[in-house]
Number of protein chains: 2
Amino acid sequence: MAKVTEFPHPYVTVDVLIFSIIEDELNILLIKRSNEPFKGKFALPGGFVAVEENLDAAVIRVIKTKAGMAGIYVEQLYSFGEIKRDPRGRVISIAYLALVPEERTKIVNDEVHTIEWFKVNKLPPLGFDHKRIIEAGFNRLKSKLDYSNIAVGLMSQRFGLGGLQRVYETILGRPLDKRNFRKKMLSLDLLKEVGESKGGRHRPSKLYSFESSKPVFFK
Amino acid sequence: MAKVTEFPHPYVTVDVLIFSIIEDELNILLIKRSNEPFKGKFALPGGFVAVEENLDAAVIRVIKTKAGMAGIYVEQLYSFGEIKRDPRGRVISIAYLALVPEERTKIVNDEVHTIEWFKVNKLPPLGFDHKRIIEAGFNRLKSKLDYSNIAVGLMSQRFGLGGLQRVYETILGRPLDKRNFRKKMLSLDLLKEVGESKGGRHRPSKLYSFESSKPVFFK
DNA sequence: ACAAAAGTGTTTCCTTTACACCCATGT
DNA sequence: ACATGGGTGTAAAGGAAACACTTTTGT
């Protein structure tokens, strides 16, 4: 098969928005840039896509090598391709949205990379067009809460309805009615009971897990 | 600013799904490939993204040069990046969904390009992974009908409610109740009256146009 | 006993659905 | 006159929203 005749063409990166709820606030994982451009500023973890690497594989690699995480929820967000979005040259970024439960948010920094969680409402100065990309991801997350079980990705394997409601309230930025929330969640038949919490400060709660860890669309 | 040190990297194309309703059927515009790979098969109109070309500009260029159209509704669909999706080498495709009103679906074929409308339910053999991409676009179109005014892109500037309902029914593949459809549409305050149809075979209908030609999300 | 989160039902409202007949026009 | 699509209202059902008190536990 005839190969493409070589000609100059854009580079492609994947950039990953890793969100988590930490202490009842929505956070995103950013990495401090140790090189120009935007040296010293924070940016999304990302990497160039290699010729022999699937997009999905590139995302998994970035999440592993830059954030030290694996096995988390990932979906494609959008592709950004303005000519001048990267001062180094023409770089098209395919952005992905990823979610990690709070219990897996510990980060280990070495001397090379500095990664840090930031509250989405208090972002530091960001390189590239990453502020805009984060806004797009935040909007996607908010709207998918309404019609899907995307929150799966933010919950540990067993959780109580109170904790699930706090996740919803944190992302949506408004309080929800407890009885209606429970009624809705239980009526969807997505949760199964898996025991009781122990050793909390208060009345123990029933614990649930999602029937399917894959995304489900409702209504 | 330091440029990217050159290294082999994927090519990027934009591929465009141009949909229209023609004679009460949903159609998509395909182009017969005159070169290998997949010579003689049909495929989506597409083109490589140049280094000095915004993604949006590339899409507009493809729609203009391959389909002879301009000024139509376009939105980004999804990016496809399997290693082996293009036999010529590593090519990442950023797919776009475009809509054109029936009145602007006339195509002019020259000797170089053969383009043709196909009913979405009767597609010819397709090259690449374009069958899968078309399915993704069709699903996007169906679901956006429910919660947005994406149908704007398929209507001429002035249209009757009957015609609008036929567009909805064609895409959704099921009949809708006339009274409920009208009630819903008019209650959204997206339409403004712009006169009456003349010279039809039957009772003249009120004509409407969309208040905003930009997409609106409802609910 | 009290502080804190868990748990539980009913009513109201609004949106969605189902459904049938007359009207205006061209032939 | 008839065939064809345009145009209209109301009732029933279902889902969403509002709302307050009791229970269980640890301290």
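Order of the sequence lines sets the chain letters (A, B, ...), proteins ahead of strands, with each chain counted from 1.
- For the helix from C/dA1-D/dT27 to C/dT27-D/dA1, the terminal axes (five pairs an end, C1' atoms, rotation from four pairs onto the next four) enclose an angle of 0°, given to 10 degrees.
- Under a 3.5 Å cut-off, the side chain of B/Asp177 and the backbone N or O of B/Asn180 do form a donor-acceptor pair.
- No donor-acceptor distance shorter than 3.5 angstrom exists from the side chain of A/His130 to the backbone of A/Ala43, with no hydrogens or angles considered.
- Geometrically, B/Lys142 engages B/Phe138 in a cation-pi contact, judged by NZ or CZ lying under 6.0 Å from the ring centre and within 45° of the ring axis.
- The distance from the CD1 atom of B/Ile115 to the CE atom of B/Met69 is 6.0 Å, given to the nearest 0.5 Å.
- Salt-bridge formation is detected for the pair A/Glu53/A/Arg61: a Lys NZ or Arg NE/NH1/NH2 atom is positioned less than 4.0 Å from an Asp or Glu carboxylate oxygen.
- Close approach of DNA chain C to chain A, defined as any atom under 4.0 Å from a non-hydrogen atom of the protein, starts and stops at C/dA4 to C/dT10.
- Ring pair A/Phe159/A/Phe210 is tilted by interplanar angle, where 30° to 60° counts as tilted.
- Scanning both residues, B/Pro101 and B/Ser156, for their nearest heavy atoms gives CB-N, 4.0 Å.
- Residues forming a ring-ring contact (aromatic ring centres under 6.0 Å, His included) with A/Tyr78 (at least two apart in sequence, or on another chain): A/Phe80.
- Residue B/Gln157 places its CD atom among 12 or fewer non-hydrogen atoms of other residues, nucleotides or ligands, all under 6.0 Å distant.
- The stretch residues 188-208 of chain B touches DNA chain D through B/His202, B/Arg203, B/Pro204, B/Ser205, B/Lys206, each having a heavy atom under 4.0 angstrom from the strand.
- When DNA chain D is scanned 5' to 3' for any atom under 4.0 Å from a heavy atom of chain A, the first and last hits are D/dA17 to D/dG26.
- Between A/Tyr147 and A/Val216 there is no side-chain heavy-atom pair separated by less than 4.5 Å.
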Can you give the donor-acceptor pairs under 3.5 Å from side chains of residues 18-31 of chain A to other protein atoms, not counting sequence neighbours?
{"unit_1": "A/Ser20", "atom_1": "OG", "unit_2": "A/Val100", "atom_2": "O", "d": "2.6"}
{"unit_1": "A/Asn27", "atom_1": "OD1", "unit_2": "A/Lys119", "atom_2": "N", "d": "3.4"}
{"unit_1": "A/Asn27", "atom_1": "ND2", "unit_2": "A/Glu25", "atom_2": "O", "d": "3.0"}

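- Judged by closest nucleotide on DNA chain D, B/Gly163 is the one of A/Lys184 and B/Gly163 placed further toward the 5' end.
- Aromatic pair A/Phe38/A/Phe128: centroids less than 6.0 angstrom apart.
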